[in-house]
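Shown next, in structure tokens, is the structure this report addresses.
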Amino acid sequence: MPSTRGKGESGFNPPAEHVRAAVEAATWAPSVHNTQPWLFTWSGDRITVRADADRRLSVADPEGREMLISCGAAIFTLRVAARHLGYEPEVALLPDPDRPHLLADVSLRERAPESEDNGRLYGEIRRRRTHRGAFKPDPVAEALLSVLRQEAQSEGATLRIIVDAPTRGAIAALTVAAEHVHQRTPSYAGELARWAPAPGNPRREGVHEGAYPKEAPHTEPHFPGRDFARGHGWGTAAEERPVDWPDEPVTGVACVLTTKGDEAEDWLRAGQALQRVLLRASVEEDVSAAFHTQALEIPELREFIRTRFCAGEHPQLVLRLGAATGEFATVRRPVEHVLTEEA
Ligand SMILES: Cc1cc2nc3c(=O)[nH]c(=O)nc-3n(C[C@H](O)[C@H](O)[C@H](O)COP(=O)(O)O)c2cc1C
């Protein structure tokens with residue numbers, strides 16, 4: 001049966017398997033608590049990205065900021081996947097102000113051969129993993145950090161590398177404070193429980209025990225992880241430490257991703273910058289990122305970080321970069337759960 005879908009302006013519509021492949025790749029973007037808060041519809045040459053508000057963290061993320069950062073990361077991944085399939089994607093962010101959950105229209109109208117560099121980034125989409133715990137002692141090259149700054153800038157965000165030790169210590173201490181507050185807030189703990197299932201749970205969402213260490217070594221300064229195990233002792237056992245490692249486990253390079261504004265469009269841009277930075281770090285030097293966004297979920301702490309350490313720009317993510325020890329596992333829902341064709 002020929003498709004009855006409307007054709008794009010050029011008269012060319014991407015085949016269904018291309019749309020499916022591009023969206024499937026996009027679902028490998030990182031998302032807060034692996035909520036995968038996105039929905040995709042498709043009509044003619046256009047893929048529409050929507051936020052799935054049922055997956056917003058109503059306690060930790062009442063405004064949906066982290067939800068939109070996650071969706072922004074999926075939009076960047078969709079762009080890379082579209083190029084891989086031979087399209088030049090055209091992205092319209094927030095195309096209808098009256099429908100705030102409608103985040104982007106991505107048109108696959110233009111055909112264009114893929115660049116070699118895009119092919120390399122594409123290869124990292126499924127390989128990249130969030131790291132949790134200390135890093136290997138290998139330093140992150142200055143040259144890579146400068147490339148990562150440029151990558152963030154190309155998407156309209158700033159990657160601030162925190163070189164100053166007192167500032168790094170202060171942001172780590174604020175993360176410790178935030179983690180204390182979170183663990184003592186029953187509504188937050190309940191929300192985390194929903195997204196941190198017990199071992200053996202077959203759900204293909206949330207942070208499972210294969211994604212975090214049983215015990216994270218203490219680094220100096222120490223950025224605590226989220227309490228996904230919730231006192232149950234779940235988690236992946238640490239690899240044996242090679243004998244030539246230094247005594248002190250390594251924190252890695254602390255950074256804060258910031259934006260000038262703090263509206264939906266800024267969050268989508270921050271998410272695109274995030275995934276651009278993550279894929280670049282992974283492909284160039286096999287560098288991974290650990291996320292520590294707890295302090296940014298407490299308005300007073302976020303405001304303090306903004307005014308004291310980010311030159312007034314809005315902090316969207318706190319990250320550590322380094323060479324990962326071991327490999328963590330992650331899960332995703334099947335593409336059929338998030339993609340529908342518009343009638
Ligand atoms: C906006 C945002 C905030 C996040 N915050 C944290 C965090 O505070 N701690 C953490 O361990 N992971 C955090 N993550 C990483 C997610 O948990 C991770 O992307 C998700 O579990 C999927 O795993 P993967 O990145 O390995 O594919 C965050 C991701 C995003 C996009």
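Note that these values count all heavy atoms, side chains included, but never hydrogens, waters or copies made by symmetry. None of the values given here were measured: they were computed from a predicted structure. In each ligand, atom 1 is the first atom listed, and ligand 1 is the first ligand listed. Residue indices begin at 1 and follow the sequence shown.
Selection from Leu278, Thr293, Val32 by nearest heavy atom to atom 5 (N) of ligand 1 gives Thr293. Counting only non-hydrogen atoms, the option in His292, Glu66, Arg128 that gets closest to atom 3 (C) of ligand 1 is Glu66.
For Arg83 and Asp117, the salt-bridge test fails: no basic side-chain N is under 4.0 Å from an acidic carboxylate O. Between Arg126 and Glu24 there is a salt bridge, with a side-chain nitrogen of the basic residue lying less than 4.0 Å from a carboxylate oxygen of the acidic one. Ion pairing between a basic and an acidic side chain is recognised when a charged N comes within 4.0 Å of a carboxylate O; Glu297 and Arg65 show no such pairing.
Proximity of Arg55 to Glu205: side-chain heavy atoms (C-beta onward) are separated by under 4.5 Å at one or more points.
Of the possible donor and acceptor atoms, none in the side chain of Arg128 sits under 3.5 Å from a partner among the backbone N and O of Gln275. Remark: side-chain polar atoms of Gln294 are paired, donor with acceptor, to backbone N or O of Pro224 under 3.5 angstrom. Side chain of Arg320 to main chain of Gly133: a donor-acceptor pair is present (N/O by atom type, distance under 3.5 Å, no hydrogens or angles).
Residue-level proximity to ligand 1 for Asn34 is carried by backbone and side chain together, each with a heavy atom below 4.0 angstrom. When heavy-atom distances to ligand 1 are checked against a 4.0 Å cut-off, Ser31 comes that close only through its backbone atoms N, CA, C and O. When non-hydrogen atoms are compared, ligand 1 lies under 4.0 Å from the backbone of His33 (N, CA, C, O) but not from its side chain. For Arg332, every heavy-atom contact with ligand 1 shorter than 4.0 Å involves the side chain, none the backbone. Of the heavy atoms in Val207, only side-chain atoms (C-beta onward) come closer than 4.0 Å to ligand 1.
Taking the centre and axis of the six-membered ring of Tyr87, the NZ or CZ atom of Arg111 falls inside the cone set by 45° and 6.0 Å. Both cation-pi conditions hold for Arg203 and Trp195: the charged atom is under 6.0 angstrom from the six-membered ring centre and inside a 45 degree cone around its axis.
For atom 26 (O) of ligand 1, the nearest non-hydrogen atom of the protein is Thr130 N, 2.9 Å. Considering only non-hydrogen protein atoms, atom 7 (C) of ligand 1 sits nearest to Arg226 NE, 3.2 Å. The closest protein non-hydrogen atom to atom 11 (O) of ligand 1 is Arg132 NE, 2.6 Å. From the protein, the heavy atom lying nearest to atom 23 (O) of ligand 1 is Thr330 OG1, 3.2 Å.
Between the CZ atom in Phe291 and the CZ atom in Arg226 there is a gap of 10.5 Å [rounded to 0.5 Å].
Between Phe228 and ligand 1 there is a heavy-atom distance shorter than 4.0 Å. Gln316 does not count as a contact of ligand 1, since none of its heavy atoms falls under 4.0 Å from the ligand. Using 4.0 Å as the threshold, Leu317 has a heavy atom nearer than that to some atom of ligand 1.
Take Arg230 and apply the side-chain hydrogen bond (donor to acceptor under 3.5 Å, both in side chains) test, not counting sequence neighbours, and it matches no residue.
When only interatomic distances are considered, the shortest N/O to N/O separation between Arg129 and ligand 1 does not fall below 3.5 Å. The shortest N/O to N/O separation between Phe291 and ligand 1 falls below 3.5 Å. By the 3.5 Å distance cut-off applied to N or O atoms, Ser70 is not counted among the residues near ligand 1.
Proximity to Pro30 (heavy-atom distance under 4.0 Å) selects the following atoms of ligand 1: 19 (O), 25 (O), 31 (C).
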